[in-house]
Number of protein chains: 2
Amino acid sequence: MALTGACQSRSSEPEQGGGVKLARGGEDRMRREHMFDKVVTPSDVGKLNRLVVPKHFAERHFLPRLPGGGVASARIAGAVLRFEDGRGGGRAWMFRFSYWGSSQSYVMTKGWSAFVRDRCLAAGDTVSFCRAGARLFIDCRRRGGRVPAPAMPVVPAPTSCSEVVGAPRGRCVRLFGVDLQLAGAEPTLDLQLALMR
Amino acid sequence: MALTGACQSRSSEPEQGGGVKLARGGEDRMRREHMFDKVVTPSDVGKLNRLVVPKHFAERHFLPRLPGGGVASARIAGAVLRFEDGRGGGRAWMFRFSYWGSSQSYVMTKGWSAFVRDRCLAAGDTVSFCRAGARLFIDCRRRGGRVPAPAMPVVPAPTSCSEVVGAPRGRCVRLFGVDLQLAGAEPTLDLQLALMR
DNA sequence: GTTACTACCTGAGAT
DNA sequence: AATCTCAGGTAGTAA
């Protein structure tokens, strides 16, 4: 299970959805099921600021979740998908999900580069998408198969990458201890919502 | 007249416009008038997939032909120009015509690379633009001043360059003989129209 | 001036 | 052989 373990079987952790209110014992307790992985390319983590979602994955896992009619273009227009951070901690990521007609490909655009930066995602790493009922999760692991170190309270180091191999991660400090309780207000999520037009 | 002969004075040939219906004896019988030539640069025929149109030529010959208001940017938005193949045979080329503000230059983009490929256009060759009334024509000639061999029925060789020096050209076979009659259906043009959003 | 974001486009490779 | 996919590009715009 090295290929999917980073995202699966962690439903016992306190994954707080932020804006989404769920009845206890409902979807938030469902076991995560793996949707798909992608080994990211240099372009996926580079200046293009987009993740190409392989067509069959997009159409199987994301399209049916979107509101709108049966036509794909109607569903996708302006779609924003919300993914909870697979490591727990209550953080969520909002990505615009689009279809580029010119290349006939599905992409995550706005918001994606923030995830790349925060996780120091590099070409060859794998992003993993899971869901538990209606909740979506995103996680990643290094090319060697290593997963980011589990979140834990650390001394503040508020800038840059939240995963430094063998070292505490910067942003995580905002999510644990006293800050962990404040995470119910989801400052990071609020910022992203404000940016998401 | 070696510099312009490839494009001029061939209005007696059966240039079929494809989708455009014209009254016989109208524009299609007008004598072609030369607009301008350009000796293409390595960039014009390379991976940039664009032809830089010298500003004064673009503003004199193409801008006034476009619909839209008095502002150049309004006229150019989404402009696609259609050029009939100066060699005859009913083929037409569709090029997106754009203004690139960053370099303050006019360019042909989408569709241009297909012409480069088909004619085996190389740096130092000359492209020549003519018109007969509202109809536009494009042709080219080699740097030495040679023009491509006149179109004639040949044995099939359906791939690659339509002009091989001293040899029959590949795609031309589709346009002459029996296929010449089928050219009224304009499969090549249809394909381009379908691709041109 | 820089960075992101939208919406284009194309060649190469897979099928 | 032709089609489809997608990695890697582009320009223009907004912030």
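What you see below is based on every heavy atom in this structure, not just the backbone, and it leaves out hydrogens, waters and symmetry mates. Here the structure is a predicted model, which means the values were calculated and not measured. Chain letters run A, B, ... following the sequence lines, proteins first and then strands; every chain starts at 1.
- Screening residues 39-55 of chain A for salt bridge (charged side-chain N to carboxylate O under 4.0 Å, His left out) gives Lys38(A)-Asp44(A), Asp44(A)-Arg50(A) as the qualifying pairs, with residues at least two apart or on separate chains.
- The aromatic rings of Phe83(B) and Phe95(B) lie tilted to each other, with the angle between the two planes from 30° to 60°.
- The only option from Arg32(B), Arg91(B), Arg135(B), Arg131(B) that meets the salt bridge (Lys or Arg N to Asp or Glu O under 4.0 Å) definition with Glu84(B) turns out to be Arg135(B).
- Contact annotation for Leu48(B): no contact, since no heavy-atom pair falls under 4.0 Å across all strands.
- The side chain of Trp100(B) has dT10(D) as its nearest neighbour among dG9(D), dT10(D), dT5(D).
- Within the nucleic acid shown, Ser43(A) comes within 4.0 Å of at least one base atom, counting heavy atoms only.
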Taking N or O atoms only and anything under 3.5 Å, show me the protein contacts with nucleotides 10-13 of chain C, one pair per line.
unit_1	atom_1	unit_2	atom_2	d
dG11(C)	OP1	Asn49(B)	OD1	3.3
dG11(C)	OP1	Arg117(B)	NH1	3.3

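- Residue Arg96(A) places none of its side-chain N or O atoms closer than 4.0 Å to OP1 or OP2 of dC5(C).
- The side chain of Gln104(A) has dT5(D) as its nearest neighbour among dT5(D), dA7(D), dT10(D).
- Inter-residue side-chain proximity for His61(B) and Phe36(B) is flagged as met; some heavy-atom pair is nearer than 4.5 Å.
- A heavy atom closer than 4.0 Å to some atom of DNA chain C occurs in no member of residues 54-63 of chain A.
- At a threshold of 4.0 angstrom between heavy atoms, the contacts of Tyr99(A) with the nucleic acid are absent.
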